[in-house]
**Student:** 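The structure that follows is given in the form of structure tokens.
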Amino acid sequence: MDAKTLQEIASLARLKIDQTELDSMLRDFNQIMEYVAQVQEVDVSSIQEKDLYPHHENTMRSDTVGESLSRDEISKLAPQYENGYIVVPRVIET
Amino acid sequence: MIKKKFTEVKNLLNKQEITSEEICSSYLKRIEEIEPKIQAFIHFDKDYILSQAKASDQRRKQGKPLSLWDGIPIGIKDNICIKGKKVTCASKILENFVSPYSATVIEKLQAHGFVLVPGLNLDEFAMGSSTENSAFHITKNPFDLERIPGGSSGGSAAAIAASMLPVALGSDTGGSIRQPASLCGIWGLKPTYGRVSRYGLVAYASSLDQIGPMGNDPQSILDILNIISGKDPKDSTSVSALPIVIPENFSWKNIKIGIMKEEGKEWQSDVYEKFNYIIAEVKKRGAQVIELDFSLFKYSIPIYYIIATAECSSNLSRFDGIRYGLRVDRNKKLEDIYLDSRSEGFGKEVKRRILLGTFSLSSGYYDAYYGKAQKARAAIRKKYQEFFSQVDFIFQPTSPTTAFKIGEKTQDPVQMYKADIMNSSVNLGGYPAISIPAGLDSKGLPIGLQITAPAFEEGKLLKLAFEFNTWESLQIPLPDRIE
């Protein structure tokens with residue numbers, strides 16, 4: 001993997017990789033990739049679709065209103081909160 | 001007081017020979033003395049602990065204890081939510097987060113009157129094998145302060161080993177209860193996947209995570225496990241399993257034990273010798289030992305890292321700087337809040353794992369990585385089924401080495417990942433496994449024995465644990481003086 005691909009992956013994950021940490025991150029990442037790529041060697045010819053999900057029972061619940069957080073609790077958690085709303089920067093250009 | 005086992009503490013309380021406040025004060029004194037050396041806690045609230053202890057004593061005074069365990073202190077790994085308390089996950093992104101709700105396991109402990117002791121250190125978001133990935137500080141191994149306590153539940157393990165607590169909760173995604181338990185000379189059990197509700201455990205890899213007990217005797221493991229188990233409507237993967245019952249009759253002659261055929265290749269020589277000693281002893285007592293072909297299991301760490309990181313990249317996408325947690329806002333656009341909050345809030349290892357997960361799930365690589373790893377995981381599960389058609393238990397060292405030095409593996413992520421070589425496959429299969437103390441190496445560092453059982457056979461696992469607890473040769477005295 002090269003620096004450009006790693007930056008693309010980082011952008012998908014909403015992470016920034018600084019120029020200062022790029023080299024070490026790339027080196028570690030390639031080392032880890034090389035190690036985990038061993039998974040290609042595993043013989044999975046006998047594995048069928050049903051083997052992938054051994055516990056395939058659906059778990060259902062009744063469709064009723066349950067507990068949820070109050071506005072007051074949410075207001076305490078949010079980094080910025082005003083008049084009953086979580087504040088974010090403007091997202092529509094005027 | 002602090003040197004007493006969990007069972008003795010419980011008995012003294014129930015005989016009313018000691019109060020919860022006296023117990024908690026002894027531990028608090030010990031914590032004040034040695035916590036500066038061990039650093040097992042990220043945050044610590046003495047008043048919260050004492051007020052719970054006083055409330056417990058009040059209940060006992062009125063003849064209305066909530067249970068036999070009312071008033072016993074239990075440590076909580078700092079990735080399990082307690083309403084109104086800080087839960088940091090050892091991450092800058094949650095440094096000031098106060099949980100608005102409690103995990104199901106916490107509600108169950110509170111219903112039994114336990115005194116909660118929150119704030120135990122971990123690798124950030126439980127990602128690591130040494131507690132060196134904590135954003136706040138490194139916890140030290142009480143047997144040697146220059147060494148790591150293991151991870152990710154390193155704070156829980158070190159606190160018990162240093163006699164700061166008799167019991168604690170940890171979480172185990174790929175070895176995070178068993179490996180630190182082993183390196184700190186205590187008991188730790190990863191339950192069968194689904195036995196314990198994950199509601200309120202901050203998610204790392206949801207198909208692998210389980211909360212489990214760590215303690216200074218096998219009774220603590222049995223008691224806590226029974227209390228926290230059960231189907232929970234808030235966790236659709238939890239199951240209503242039968243209660244854990246310890247079989248009454250026990251004879252080594254009826255037991256078949258599986259061991260690795262190619263054992264010992266990369267194990268520390270002390271670990272190898274101790275393991276062989278245990279195997280020789282159980283054979284002498286009449287157990288049947290069968291060598292199994294573990295060659296497929298050399299892929300368990302690569303499979304684990306593909307699956308766990310894929311799930312973590314998805315689970316950790318919720319940290320966006322908008323609704324809770326750290327927000328880094330430099331008066332820029334919304335997209336920049338996401339980028340800056342995540343980039344400054346997450347540490348290096350967490351970022352590495354998010355990147356690896358994002359890569360293996362991305363278009364063009366999905367089939368070769370995540371898809372392939374899912375199939376390989378099924379192959380591991382099938383192999384376990386084959387094993388358990390031949391044997392009752394699998395015996396392995398919990399860790400191929402005893403505790404390594406701080407900084408020894410931080411520059412080489414793959415070497416660090418391999419610390420869990422005996423552990424991760426158990427999570428891939430969903431099986432229960434325990435780490436039990438198995439004596440010391442030549443440097444005086446603890447060795448652990450991992451025993452894996454078929455799904456929901458924790459009762460049989462614990463029967464063996466109680467049996468091994470009577471072996472003098474496996475006892476590990478916890479250190480008195482910490483220096």
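Below, chain A is the first sequence line, B the second, and so on; all start at residue 1. Predicted model only: the values in this text are computed from it and were never measured.
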**Student:** Quick one about B:R353 and B:Y204 (side-chain donor to acceptor, distance below 3.5 Å, no hydrogens or angles considered), yes or no?
**Tutor:**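 Per modelled atom types, B:Y204 and B:R353 side chains form a pair under 3.5 Å.
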**Student:** For B:K333, look at atom NZ and say whether over 12 heavy atoms of other residues, nucleotides or ligands are found less than 6.0 Å away.
**Tutor:**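 No, because the 6.0 Å sphere around NZ of B:K333 holds 12 heavy atoms or fewer from other groups.
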**Student:** Examine the side chains of B:D412 and A:Q31 and answer whether a donor and an acceptor come within less than 3.5 Å of each other.
**Tutor:**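 B:D412 vs A:Q31: donor-acceptor pair found between side chains.
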**Student:** Is A:E73 in contact with chain B via its backbone, its side chain, both, or neither, using a 4.5 Å heavy-atom distance?
**Tutor:**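 Contact with chain B involves the side chain of A:E73 alone.
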**Student:** Under 4.5 Å from any heavy atom of chain A, what part of B:S236 do you find: side chain, backbone, both or neither?
**Tutor:**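 For B:S236, the contact with chain A is made by backbone and side chain together.
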**Student:** Please list all pairs meeting side-chain hydrogen bond (donor to acceptor under 3.5 Å, both in side chains) that have one or both residues in residues 79-92 of chain A, counting only residues at least two apart or in different chains.
**Tutor:**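 Sorted pair list: A:Q80-B:R327.
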**Student:** Please state whether the side chain, the backbone, both or neither of B:L296 comes within less than 4.5 Å of a heavy atom of chain A.
**Tutor:**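 When you check distances to chain A, only side chain atoms of B:L296 fall under 4.5 Å.
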**Student:** May I have the step-by-step check of side chain to side chain contact (heavy atoms under 4.5 Å, CB included) for B:K372 and A:Q40, ending in yes or no?
**Tutor:** CA-CA 7 Å; B:K372 179 77 193 227; A:Q40 310 306 342; 3.9 Å; yes
**Student:** Heavy-atom cut-off 4.5 Å, strictly under: side chain, backbone, both or neither for B:Y304 against chain A?
**Tutor:**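 Looking at B:Y304, nothing touches chain A.
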**Student:** Please classify the contact between B:K348 and chain A as side chain, backbone, both or neither, with a heavy-atom cut-off of under 4.5 Å.
**Tutor:**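 The answer is both parts of B:K348.
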**Student:** Where does B:Y417 contact chain A at under 4.5 Å (heavy atoms): side chain, backbone, both or neither?
**Tutor:**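 Only the side chain of B:Y417 comes within 4.5 Å of chain A.
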**Student:** So which part of A:R14 gets closer than 4.5 Å to some heavy atom of chain B, the side chain, the backbone, both or neither?
**Tutor:**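 Backbone plus side chain of A:R14, per the 4.5 Å heavy-atom cut-off to chain B.
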**Student:** Give, as side chain, backbone, both or neither, the part of A:F29 having an atom under 4.5 angstrom from any heavy atom of chain B.
**Tutor:**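 Interface part for A:F29: side chain.
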**Student:** Quick check for you: among B:Y338, B:Y369, B:F97, which has the greatest number of heavy-atom pairs under 4.5 Å with chain A?
**Tutor:**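 That would be B:Y369.
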**Student:** B:F359 versus chain A, heavy atoms under 4.5 Å apart: side chain, backbone, both or neither?
**Tutor:**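 B:F359 touches chain A through backbone and side-chain heavy atoms alike.
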**Student:** Relative to chain B, which segment of A:I86 carries a heavy atom at a distance below 4.5 Å: side chain, backbone, both, or neither?
**Tutor:**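 For A:I86, the contact with chain B is made by the side chain alone.
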**Student:** Do you see a donor-acceptor pair shorter than 3.5 Å between the side chains of A:D2 and A:T5?
**Tutor:**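 A pair is found: one side chain offers a donor N or O, the other an acceptor, under 3.5 Å apart.
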**Student:** What part of A:Q48 gets within 4.5 angstrom of chain B, counting heavy atoms only: side chain, backbone, both, or neither?
**Tutor:**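 For A:Q48, neither part sits under 4.5 Å from chain B.
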**Student:** What part of B:P233 gets within 4.5 angstrom of chain A, counting heavy atoms only: side chain, backbone, both, or neither?
**Tutor:**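 Nothing of B:P233, per the 4.5 Å heavy-atom cut-off to chain A.
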**Student:** Heavy-atom distance under 4.5 Å to chain A: side chain of B:E344, backbone, both or neither?
**Tutor:**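 Neither the backbone nor the side chain of B:E344 comes within 4.5 Å of chain A.
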**Student:** Is the shortest side-chain heavy-atom distance between B:K383 and B:F297 below 4.5 Å?
**Tutor:**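 A side-chain contact under 4.5 Å exists here.
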**Student:** Looking at chain A, which one of B:N331, B:I303, B:T237, B:I301 has the largest number of heavy-atom pairs inside 4.5 Å, strictly under?
**Tutor:**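 Heavy-atom pair counts peak at B:I301.
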**Student:** Would you call B:D209-B:R198 a salt bridge at under 4.0 Å N-O?
**Tutor:**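 Looking at B:D209 and B:R198, the cut-off is not met.
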**Student:** Taking every heavy-atom pair that is under 4.5 Å apart, which of A:D51, A:V87, A:L69 has the most such pairs with chain B?
**Tutor:**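 When all of A:D51, A:V87, A:L69 are compared, A:D51 has the most.
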**Student:** If I measure from the heavy atoms of chain B, does A:S24 come under 4.5 Å with its side chain, its backbone, both, or neither?
**Tutor:**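 Just the side chain, heavy atoms under 4.5 Å.
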**Student:** Where does B:I337 contact chain A at under 4.5 Å (heavy atoms): side chain, backbone, both or neither?
**Tutor:**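 B:I337 touches chain A through side-chain heavy atoms alone.
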**Student:** Taking NZ, NE, NH1 and NH2 as the nitrogens, is one of them in A:K16 or B:D340 under 4.0 Å from a carboxylate oxygen of the other?
**Tutor:**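 The answer is yes: the pair qualifies as a salt bridge.
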**Student:** Does atom NZ of B:K234 have more than 12 heavy-atom neighbours from other groups under 6.0 Å away?
**Tutor:**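 Atom NZ in B:K234 is packed in, count exceeds 12.
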**Student:** I'd like to know if the side chain of B:S238 pairs up with that of B:D232 as donor and acceptor (distance under 3.5 Å, no hydrogens or angles considered).
**Tutor:**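 On atom types as modelled, these side chains do not qualify, holding no pair under 3.5 Å.
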**Student:** Can a donor-acceptor pair be found between the side chains of B:T410 and B:E132 at a distance below 3.5 Å?
**Tutor:**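 Looking only at side-chain atoms, B:E132 and B:T410 do not form any donor-acceptor pair under 3.5 Å.
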**Student:** Less than 4.5 Å to any heavy atom of chain A: does that hold for the side chain of B:D329, its backbone, both, or neither?
**Tutor:**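 Side chain only.
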**Student:** Just how far is it from atom NZ of A:K76 to atom CZ of A:R71, taken to the nearest 0.5 Å?
**Tutor:**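 The distance works out to 15.0 Å.
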**Student:** Pick one of side chain, backbone, both or neither for A:E21, based on which atoms fall under 4.5 Å of a heavy atom in chain B.
**Tutor:**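 Contact with chain B: side chain only.
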**Student:** So which part of A:L52 gets closer than 4.5 Å to some heavy atom of chain B, the side chain, the backbone, both or neither?
**Tutor:**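 Both backbone and side chain of A:L52 come within 4.5 Å of chain B.
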**Student:** Counting only heavy atoms closer than 4.5 Å, note whether A:V39 contacts chain B via side chain, backbone, both or neither.
**Tutor:**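 Backbone plus side chain of A:V39, per the 4.5 Å heavy-atom cut-off to chain B.
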**Student:** Among A:E8, A:M25, A:M1, A:R61, who wins on heavy-atom pairs under 4.5 Å with chain B?
**Tutor:**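 Ranked by contacts with chain B, first place is A:M25.
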**Student:** With the threshold set at 4.0 Å, does a side-chain nitrogen-carboxylate oxygen contact exist between A:D28 and B:R352?
**Tutor:**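 Salt bridge: yes.
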